[in-house]
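Take a look at the structure set out below.
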Amino acid sequence: MARAYITTPIYYVNDRPHIGHAYTTTLCDVWARAMRACGEDVFFLTGTDEHGVKVEKSAQERGISPKALADENSAEFRRVLGTFGLTNDDFIRTTEPRHERQVQEFVRRLLATGAVYAGEFEGWYDESQEEYVTETRAKECNYLSPVSGKPLVRAKERNYYFRLSAFQERLEAFFAANPGFVRPEARFNEVKGRLRDGLQDVPITRTNFTWGIPMPNDPEHVIYVWIDALFNYATALGLAEPDGGTRRDWWPARYHVIGKEILWFHAVVWPAMLMALELPLPGCVYAHSFWISNGQKMSKSMGNFIDLPTIERYVAAYGLDAWRWAMITQGPLGATDADFVPKQFHELYTAQLVNTFANCASRTSAMIGKYFDGTLPCAPEGGRPASIAPGSPTWQALVDGARDRSLEHYRAFELDQAADAALSIIRAVDASINETQPFKLAKDPANLPEVGAILACCAQGVRAAAALLQPILVTKADEVLASYGGCTPTDLVRDGGWGTLAAGTTITKCAPFMRVDAPPA
RNA sequence: GCCGAUGUAGCUCAGCUGGUUAGAGCGUUGGAUUCAUAACCCGAAGGUCGGCGGUUCGAGUCCGCCCAUCGGCACCA
């Protein structure tokens, strides 16, 4: 069985969960479910990033230990997974012993090969913020702290560096050979553009705080959180364990799904580190864009974050599946940000889920109930044209074609298009009903065989569409499938295609998505 | 400042290598219909394709300039 490894970023415990976290994780979940249903052996990882000066400070402010803060917020992130019906196979925390010992092992290896070395860093230091500012930024600010306005001081620090500069050519060659390594394409261009400006070595340790993994040979130094965090993708599989890990066959990841703000580390630093460790590189770093809120960037100062309580109100009003549908079909999978607008959420729900998907499932099942007592009178004929229009494809070609497109889109992480391909079957069923008017034919009993033949095809279409939408509509698709003769699909190639319904199958009336008055306040 | 992108109907967007009256979905609106969750179906209104100039027989589509918006610019997890 083919192995497929997909990851979310690990979420920084200093944040509260919001739509961004929900979005990234839902994307991965849909892909994981779809690939499992295509017969792949999927490993889906998420987790929390728990070290760093920010966590240390926040904990101090609250008078608790960093570990206590991390425990609390990590638990909150795990609770969120329950809310969204996510099916991650593991949840890694960077404070777990399995992670810490492996990070140290990786760093030891990097030291041994010379990819990590001890060096001096000199730069402009902002004492009020306890951080260095770049040369250009310092100049911009007239060598005054951009925050406190106090003069910056020239400071020197001994640090460990990762020899990123040594990987410039190998990265360029790798990028040239793997045009799909960073997606969407516009993001890849940004990365390549920056790469052309040249690479500098990056410090990978800190001495100004202690909440982190100690440098193996030099415990005065703490491994910088970023380096610590990136390794989670490997430590979760146990790659640096003495036996190479029981999960090593999942390596490398097919997709690292991330937000665009952390692209550089994933697209450049991470591959370079893996090259240094002689580990295979991931297939794709998918950097989605951001949700904005009513046309405005979400920010703490604006107080317009779509936070967990807000999301929960939507889930309560519309159901989890409707929320997931909005994430997948309206989300910022491309290079531009997507706007979360309550009115649009509502209209989308009504137009696509209620009026298209649910209504079609409802009208088809209603007619089978009315004219055939809820029993499919005959098997669907695949060779029948799907429309009276000349040159129309046969039902089987139409449904299997939509299935193939949908699965291809799922595989390629074009989740919105995967959903649309599935919905195209529903639109075809609706069109077919409108053209052939079985509800009129049924008035003359002599026409019943023809009515049955029409409705059998429609039912088969609805069933295939529901199966294809199951990775997104995890609850409602099952309801429809249950009404149309079967349960949860285990094989999307079969269940999402033609030929799964037999004569005599019981079809019960179903109404998966009901109208909702208005979006929550 | 540097690099990159985007700007097409009220909203979200399609428009490949330039070629008849610029498209889709949603929204608005008129009608038709009843199998269906006031759904589905048909029709209508609505765009000087950011602005100016250029190349061309012909430009939303190529070139230049300008305007606007957005993103990236490394230690920010």
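Residue numbering restarts at 1 for every chain, and letters A, B, ... go by the order of the sequence lines.
- Residue A:Phe265 is classed as a base contact, given a heavy-atom separation below 4.0 Å to a base.
- Computed from coordinates, the A:Asn434 CG to B:A39 C1' distance equals 11 Å when rounded to whole Å.
- Note on A:Ala366: only backbone sugar-phosphate atoms sit closer than 4.0 angstrom, heavy atoms only; bases stay farther off.
- When heavy atoms are screened at a 4.0 angstrom cut-off, A:Gly198 is found touching base atoms of the nucleic acid.
- Here the CZ-CG distance, from A:Arg78 to A:Asn88, works out to 10.0 Å after rounding to the nearest 0.5 Å.
- Contacts between residues 326-340 of chain A and RNA chain B, counted as heavy-atom distances below 4.0 Å, involve no residue at all.
- No engagement by A:Asn189 is indicated, since no non-hydrogen atom pair under 4.0 Å with the nucleic acid exists.
- A:Glu220 CD: 12 or fewer foreign heavy atoms inside a 6.0 Å radius.
- Considering only the side chain of A:Val354, B:U37 comes nearest among B:C26, B:U37, B:C35.
- Note that A:Arg206 lies in the cation-pi zone of A:Tyr224, set by a 6.0 Å cut-off to the ring centre and a 45° limit from the axis.
- Atoms NZ (A:Lys440) and P (B:C35) sit 9 Å apart, rounded to a whole Å.
- Looking at heavy-atom distances under 4.0 Å, A:Pro438 makes no contact with the nucleic acid at all.
- At whole-Å resolution of the value, CD in A:Gln344 and P in B:U28 are 13 Å apart.
- Distance NZ (A:Lys260) to P (B:C73): 11 Å, rounded to an integer number of Å.
- Here the nucleotide nearest the side chain of A:Lys370, chosen from B:C35, B:G27, B:G72, is B:C35.
- The listed nucleotides are B:C75, B:A74, B:G71; the one nearest the side chain of A:Trp264 is B:A74.
- Heavy atoms of A:Arg187 sit under 4.0 angstrom from primed sugar atoms or phosphate atoms, though from no base atom.
- At whole-Å resolution of the value, CZ in A:Phe345 and P in B:C26 are 18 Å apart.
- Along RNA chain B, the nucleotide nearest A:Arg206 and the nucleotide nearest A:Pro512 are compared for position; the residue whose nucleotide lies closer to the 5' end is A:Pro512.
- Among the heavy atoms of the strands, none lies under 4.0 Å from A:Gln352.
- A cation-pi arrangement is not found for A:Lys192 relative to A:Phe175, the charged atom failing to lie both closer than 6.0 Å to the ring centre and inside a 45° cone about the ring normal.
- Going from atom CD1 of A:Ile262 over to atom P of B:A74 covers 17 Å, rounded to whole Å.
- Taking the side chain of A:Arg515 as heavy atoms from C-beta on, and the options B:C26, B:A39, B:A74, the nearest nucleotide is B:A39.
- Atom CD1 in A:Ile454 sits about 15 Å away from atom P in B:C35, given to the nearest Å.
- Residue-level contact check: A:Lys192 touches neither bases nor backbone, having no heavy atom under 4.0 Å from any strand.
- For CD of A:Glu408, the number of neighbouring non-hydrogen atoms (other residues, nucleotides, ligands) closer than 6.0 Å is 12 at most.
- Looking at heavy-atom distances under 4.0 Å, A:Ile10 makes contact with a base.
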